[in-house]
Amino acid sequence: MLVDNSQSDAFVEFERVQKSYDGEKLVVKDLNLSMPKGEFLTMLGPSGSGKTTCLMMLAGFETATHGDIRLDGTSINNIPPYKRGIGMVFQNYALFPHMTVAENLSFPLEVRKVGKSAREQKIKHALEMVEMHEFGARRPAQLSGGQQQRIALARALVFEPKLVLMDEPLGALDKQLREKMQFEITRLAHNLGITVVYVTHDQTEALTMSDRVAVFDDGYIQQIAPPDILYEEPGNSFVAQFIGENNTLEGVIKEIRDDYATVQLDNSELIDCKPVNVSRVGERTRVSIRPERVEYNKSRLHDNAQTIKADVLEVIYMGDIFRTRLRVAGNDEFIIKTRNAPDQDRLQSGLQIEIGWLADDCRALDA
């Protein structure tokens, strides 16, 4: 388990936070998390991992069983949600159907007793930010899903909150619109310099949008890091499997020296890789290799590549790439991805080939 304990310039802080709904089982277990102002942090994990509960505690809709939650240095454990100065965007938009777009945006300003003239200016500015300035007189039912999500975002931003929380905000959108909104939300957040905590179970969304990603499982943060580090250097088997596509080979540690470990795979082949969370000879390990790091064209293999035999089981044409399933060291679900390019050899089912990768691209993780 990897947690973030940095205290420098902390804007949002969870210190030893726990949450139980029944007084026995902890949904969130000893959470320590610190994020600076202006960061876009995504909480990512499967259902029941604790990510949404953390968001709800930060919003004030749930109370921590133990520990302290601070915003800009001030404990907010006993501050009601409407006094926290936090904007919220939900998956179902939560717009008032009987109000126009402008009235929806006016509501959080009226609650905060903002004068009429200032309200009108803020509403106009918020609608321009999300490119919806012509839709102020419409009602939510007259808008598409993407337009409603833009209005929900504008309403969360209209009162200039310290922090914006987003709970699966794009879950109801189709793939193309979802991808468009990912870039729009990220661009807006960075342009405005706002701090965002975003919850999703979609790995691609997390990698695309975030400055850092906190991967949750079983109430703990398993690893927190920028997207490229999370993908390239997973800290344990759960993160390696949950983030992106990943190949695993089972084996036993035979030797650990300097920065490398020698692993004897279950079919007796020996390979070298980076030891990540293994510590002793004889320990079982699960070796992790990303599909795009594996090569089979001999002309493309690096001089230092280690090679192993593989049987081609299935080749799937996907337009820009070929996705090939292999049998490697007893694993029938070993995947490689290759570009659809003139200089790339095409594989066929039934062939036996030799594949290879660099030891630096291969990680020995917990079994």
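Please read all numbers here as calculations on a predicted model, not as lab measurements. Throughout, residue positions are numbered sequentially from 1 according to the sequence presented.
Between the side chains of E103 and H98, not a single donor N or O lies within less than 3.5 Å of an accepting N or O. Of the N and O atoms on the side chains of T262 and R257, at least one donor lies less than 3.5 Å from an acceptor on the other residue. Side-chain contact, S106 with R119: a donor N or O sits under 3.5 Å from an acceptor N or O. Counting only N and O atoms by type, the side chains of N236 and Q223 include no donor and acceptor under 3.5 Å apart.
The shortest side-chain heavy-atom distance between L326 and N247 does not fall under the 4.5 Å cut-off. R16 has its side chain within reach of D30: a pair of non-hydrogen atoms, C-beta onward, lies under 4.5 Å apart. Contact check for E205 versus R178: side-chain heavy atoms found under the 4.5 Å cut-off. With a 4.5 Å cut-off on side-chain heavy atoms, Y198 and L170 count as touching. When side chains are defined from C-beta on, V199 does not count as touching F216, because their heavy atoms never get closer than 4.5 Å. When side chains are defined from C-beta on, P169 counts as touching Q149, because their heavy atoms get closer than 4.5 Å. Here the side chains of P46 and F238 are in contact, with some heavy-atom distance below 4.5 Å. Inter-residue side-chain proximity for E120 and K116 is flagged as met; some heavy-atom pair is nearer than 4.5 Å.
Heavy-atom neighbours of F159 CZ from other residues, nucleotides or ligands within 6.0 Å: above the threshold of 12. Applying the 6.0 Å contact sphere to CD of Q121 captures no more than 12 heavy atoms from other residues, nucleotides or ligands. Residue-environment remark: NE2 (H125) stays at or below the threshold of 12 foreign heavy atoms within 6.0 Å. Applying the 6.0 Å contact sphere to CG of N78 captures no more than 12 heavy atoms from other residues, nucleotides or ligands. By the 6.0 Å contact criterion, CZ on R112 is enclosed, its count of non-hydrogen atoms from other residues, nucleotides or ligands being greater than 12. Few gaps surround CD on Q352; more than 12 heavy atoms of other groups in view lie less than 6.0 Å from it.
Taking the charged nitrogens against the carboxylate oxygens, K122 and E160 do have a contact shorter than 4.0 Å, which makes a salt bridge. Salt bridge present: R284 and D266 bring a charged side-chain N and a carboxylate O closer than 4.0 Å. A salt bridge links E39 and R212; the closest N-O separation between the charged side-chain nitrogens and carboxylate oxygens is under 4.0 Å. Under 4.0 Å is where a charged nitrogen must lie from a carboxylate oxygen, and between E128 and K124 at least one such pair does.
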With side chain to side chain contact (heavy atoms under 4.5 Å, CB included) as the test, would you mind laying out the steps for I185 and V196 before giving the verdict? CA-CA 10 Å; I185 289 172; V196 178; 5.8 Å; no
Could you please spell out the steps behind the side chain to side chain contact (heavy atoms under 4.5 Å, CB included) verdict for V294 and V328? CA-CA 12 Å; V294 183; V328 179; over 6 Å; no
With side chain to side chain contact (heavy atoms under 4.5 Å, CB included) as the test, would you mind laying out the steps for R325 and D332 before giving the verdict? CA-CA 7 Å; R325 184 167 64 90; D332 285 0; 4.3 Å; yes
One pair to check against side chain to side chain contact (heavy atoms under 4.5 Å, CB included): L265 and L270. What are the steps and the verdict? CA-CA 6 Å; L265 300 178; L270 296 173; over 6 Å; no
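Rounding to the nearest 0.5 angstrom, the gap separating the CD atom in E13 from the CE atom in M35 is 11.5 Å. Distance CG/N331 to OG1/T248: 5.5 Å, rounded to 0.5 Å. Interatomic distance, CG of N191 versus CE of M129, reported as 10.5 Å (0.5 Å rounding). Here NZ of K37 is found 8.0 Å from NZ of K162. Values are rounded to the nearest 0.5 Å. Taking CG of D320 as the start and NZ of K337 as the end, the distance is 10.0 Å to the nearest 0.5 Å.
In this structure a side-chain-to-backbone donor-acceptor pair under 3.5 Å is missing from D217 to S49. In this structure, K19 contributes its side chain and C54 its backbone to no donor-acceptor pair below 3.5 Å. Side chain of K51 to main chain of G45: a donor-acceptor pair is present (N/O by atom type, distance under 3.5 Å, no hydrogens or angles). Between the side chain of D211 and the backbone N or O of F40, at least one donor-acceptor pair lies under 3.5 Å. Not one N or O on the side chain of R323 forms a donor-acceptor pair closer than 3.5 Å with the backbone of M318. The main-chain N or O of G244 is found under 3.5 Å from a side-chain atom of Q203 such that the two form a donor-acceptor pair. With hydrogens and angles ignored, the 3.5 Å screen pairs a side-chain donor or acceptor of N340 with a backbone N or O of G319. A donor-acceptor pair under 3.5 Å links the side-chain atoms of S237 to the main chain of D366, judged by distance alone.
Contacts of T204 classified as side-chain contact (heavy atoms from CB on, under 4.5 Å), with partners at least two apart in sequence or in another chain: D202, T208. Taking the side-chain contact (heavy atoms from CB on, under 4.5 Å) definition, one finds that R290 meets it with Y231, P234, I243, N246, E292, R293, sequence neighbours left out. Not counting sequence neighbours, the partners of R138 by the side-chain contact (heavy atoms from CB on, under 4.5 Å) test are F135, Q142, L143. Judged as a ring-ring contact (aromatic ring centres under 6.0 Å, His included), and not counting sequence neighbours, Y82 has no contacts. Applying the side-chain hydrogen bond (donor to acceptor under 3.5 Å, both in side chains) rule to T307 yields no partners; only residues at least two apart in sequence or on another chain are considered.
Hydrophobic clustering of Ile, Leu, Val, Met, Phe, Trp and Tyr side chains at less than 4.5 Å, counting indirect connections, unites V114 with L127. Clustering ILVMFWY residues whenever any of their side-chain heavy atoms sit less than 4.5 angstrom apart, transitively, puts V89 in the very cluster that holds L192. Both M166 and M181 are members of a single hydrophobic cluster when ILVMFWY side chains are connected at heavy-atom separations under 4.5 Å. L41 and V213 sit in two unconnected hydrophobic clusters of ILVMFWY residues. Membership requires side-chain heavy atoms under 4.5 Å apart, directly or through other members. Under the 4.5 Å side-chain heavy-atom criterion for Ile, Leu, Val, Met, Phe, Trp and Tyr, F334 and I308 are members of the same hydrophobic cluster.
The minimum heavy-atom distance between I256 and A261, with the atom names listed, is CG1-CB, 4.2 Å. Between T42 and S210 the shortest heavy-atom distance is OG1-OG, 2.5 Å.
Geometric assessment of K274 against the ring of Y260 yields a positive cation-pi assignment under the 6.0 Å and 45° thresholds. Because its NZ or CZ atom is both nearer than 6.0 Å to the ring centre of F96 and within 45° of the ring axis, R155 counts as a cation-pi partner of that residue. Both the sub-6.0 Å distance and the 45° axial angle are not jointly satisfied by K25 relative to the ring of Y21.
Looking at N277, L249, V252, I253 one by one, the single match for side chain to side chain contact (heavy atoms under 4.5 Å, CB included) with T285 turns out to be I253. Among R187, Q182, K180, the one residue that satisfies the side-chain hydrogen bond (donor to acceptor under 3.5 Å, both in side chains) test with E184 is K180.
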Using atom types as modelled, flag every donor-acceptor pair under 3.5 Å from a side chain in residues 57-66 to any protein atom, sequence neighbours excluded.
{"residue": "T65", "atom": "OG1", "partner": "S20", "partner atom": "N", "Å": "2.8"}
{"residue": "T65", "atom": "OG1", "partner": "S20", "partner atom": "O", "Å": "3.4"}

